[in-house]
Amino acid sequence: MARNAVQFQKGLSEATFDELYGTEAKCRAAVIAWRWPDGFECPACGGTTHSEVKTRRLFQCSACRRQTSPIAGTIFAATKVPLRIWFRAMYHLTQSKQGISSIELGRRLGVTQTTAWTIKHKLAQVMMERGAGKRLKGRVELDDAYLGGERAGGKRGRGAPGKTPFVAAVETTPEGKPVRLKLRRVTGFCNRAISGFAKRSLDPDCEVVSDGLACFAAVADAGCRHEVMKTGSGAAAARKPAFKWVNTALGNIKAAITGTYRAIHEKHVPRYLAEFEYRFNRRYDLAAMLPRLTWAAVRTPPMPCRLLRLAEVSA
Ligand SMILES: [Zn+2]
């Protein structure tokens, strides 16, 4: 599809968003509909007949009497933030191509930066869990990249200290057009890390194309074929057609991250990468991104704030 098809699609207008999700009641109805598309099902006994405890906004199972909140067991569990704020956050996260900082998100939502940070990271967790399963197939372009750690006078390029290494892999059509992206933090560019990445993220039938960085040969451990493209370095490398899409995607991601976020703590890097990956992989259907994210959110288990702040994310 032409570049214009991505850039000029309509997306979800603010007016349509307000119409669909502008009130607490509408958001609650949406969560209930996506959580129980075939009607209420008791999480304790599987019973389907129920009554509603209106005052406490709970569903009560007629069989076992257990009371269930529609948000219990989901990423929204126990939140004190109204659902319409969560929906507005999902709107901004899915519709802004460059991503959005928690400061800016807090401003737009009218909540503190801390609250915005928590909302954003919980939603990024949803995106990360959605992206974890599917492996890339067919032709895949692979490249090494680093985030953060820019220090004045410091070492540049591969292996510079303070940088977080990650793998960028793009599944393409045989003609080289991008299909799907995976961005994964790795411990470093060594055989073990690339072998682990390939086993988790690539189908054994993959035909991997990369530059001459030695560790990329370890994709063979996952059964993939590997082709090395000698690229040289600098601008000449970026112009090689085989790497056109990896370089385009990486360029956009780096520009967005440096433009949007001042500094990213290393332990949160996988969630930031997941956000970019999620948007890129759904770029042809902006309008559907919000309902799909909600569908995923009600299927993602709760993530306590304490864990969110402390947890090392394993990708
Ligand atoms: Zn029950």
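Here the structure is a predicted model, which is why all the values come from computation and not from measurement. One-based numbering, in listed order, for ligands and for the atoms of each.
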Query raised in the report: Under the ring pair (Phe, Tyr, Trp, His ring centres under 6.0 Å) rule, what pairs show up with a residue in residues 194-213, not counting sequence neighbours?
Result: none
Requested in this report: Check which protein N, O or S atoms are less than 2.8 Å from the Zn ion (ligand 1) and report how many there are.
Outcome: 4
Requested in this report: Assess the side chains of R139 and T172: does a donor N or O sit below 3.5 Å from an acceptor N or O?
Outcome: yes
Query - R282 to F280, cation-pi by 6.0 Å centre distance and 45° axis angle - result: no
Query - Contact list for residues 107-129, test salt bridge (charged side-chain N to carboxylate O under 4.0 Å, His left out), sequence neighbours left out - result: E104-R107, E104-R108, K120-E275
Query raised in the report: Do any pairs count as a salt bridge (charged side-chain N to carboxylate O under 4.0 Å, His left out) and have a residue in residues 201-210, sequence neighbours left out, and if so which ones?
Result: E207-R225
Query raised in the report: So F59 and H50, would you call those rings parallel, tilted or perpendicular, with 30° and 60° as cut-offs?
Result: tilted
